[in-house]
Amino acid sequence: MDVTHVADAHQVAQVHLQAAVAEAALGEVEQARRRLDAVMALGGYDLLAMARTAAAFVDSVTLVTGNEWATGKPQAQAVEQAESLDERVPAARALTLRLMSAWSSKDRESFDALFTAAASDPGAADHVRDLFVFALEWTQSKATESANPQSLVNALCTAAKEHGPSMWPWKRPKV
């Protein structure tokens with residue numbers, strides 16, 4: 001049986017991200033990271049929708065919220081630190097932490113603006129990729145804490161349903 005491939009790039013990317021989360025949960029982190037190439041090949045709105053999915057997924061598996069992402073301290077204890085975020089972590093991770101801070105604060109406008117600015121900078125591909133790497137790191141961390149890998153993939157699917165590409169039309173393969 002010969003099946004003609006008709007999947008759009010965003011459909012392929014969504015499946016690769018789901019598989020990457022499953023692989024990271026099982027400890028296959030390098031293989032999971034290689035799957036991110038399909039996500040990073042997307043552009044514009046499709047990539048932003050995948051970023052929203054990744055952020056919503058991380059937000060659903062952690063209790064860290066708002067400013068805690070950027071300061072590393074609970075909201076009540078967060079005070080101006082001597083070192084800026086950019087001095088404490090690599091630039092790519094600083095962007096990711098700012099994105100997560102905006103997302104968990106329900107500031108979608110700031111999230112979209114930060115991500116879109118980074119995605120439009122040809123030199124910032126690693127910065128943009130780091131959000132997805134961060135999601136895989138959280139997946140691996142949660143799986144190590146005895147979280148069921150299936151529940152982590154389910155959490156990603158739920159995030160995609162609410163914020164990402166699952167709303168786009170799916171095509172069936174032609175036989």
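With values rounded to the nearest 0.5 angstrom, R33 atom CZ is found 13.5 Å from F132 atom CZ. In this structure, OH in Y45 is found 5.0 Å from CZ in R52, a value given to the nearest 0.5 Å. Considering NZ of K142 and OG1 of T62, their distance stands at 5.5 Å, rounded to 0.5 Å. In this structure, CG in L152 is found 9.5 Å from CG in L26, a value given to the nearest 0.5 Å. Note that CD of Q14 and CG of L156 are 8.0 Å apart. Values are rounded to the nearest 0.5 Å. Here the CD atom belonging to Q31 is positioned 5.5 Å from the CZ atom belonging to R34, to the nearest 0.5 angstrom.
One hydrophobic cluster holds both F57 and M40 under the rule that ILVMFWY side chains link at heavy-atom gaps under 4.5 Å. At a threshold of 4.5 Å between side-chain heavy atoms, the hydrophobic network of Ile, Leu, Val, Met, Phe, Trp and Tyr places V133 and V61 in one connected group.
Annotation: ring-ring contact (aromatic ring centres under 6.0 Å, His included) contacts involving residues 95-130, sequence neighbours excluded, comprise W103-F111, W103-H163. Note on residues 11-24: pairs passing salt bridge (charged side-chain N to carboxylate O under 4.0 Å, His left out), not counting sequence neighbours, are E23-R35.
Across every non-hydrogen atom of A32 and A20, the tightest pair is CB-O, 3.3 Å. Summarising the geometry of V58 relative to A135, their closest heavy-atom pair is CG2-CA, 3.5 Å, with the distance given to 0.1 Å. Shortest non-hydrogen contact noted between T96 and L131 is OG1-N, 3.3 Å.
Between D59 and K106 there is no salt bridge, since no side-chain nitrogen of the basic residue lies less than 4.0 Å from a carboxylate oxygen of the acidic one.
Side-chain contact check for L36 versus L136: some heavy-atom pair is nearer than 4.5 Å. No side-chain heavy atom of L42 sits less than 4.5 Å from a side-chain heavy atom of L48. Side-chain contact check for L99 versus F134: every heavy-atom pair is 4.5 Å or farther apart.
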Distance-only donor-acceptor pairs under 3.5 Å for side chains of residues 117-124, two or more places apart:
{"residue": "S120", "atom": "OG", "partner": "T116", "partner atom": "O", "Å": "3.2"}
{"residue": "S120", "atom": "OG", "partner": "A117", "partner atom": "O", "Å": "3.0"}
{"residue": "D121", "atom": "OD1", "partner": "G123", "partner atom": "N", "Å": "3.0"}

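Side chain of S101 to main chain of L97: no donor-acceptor pair is present (N/O by atom type, distance under 3.5 Å, no hydrogens or angles). Remark: the backbone N or O of E137 is not paired with any side-chain donor or acceptor of S141 at under 3.5 angstrom.
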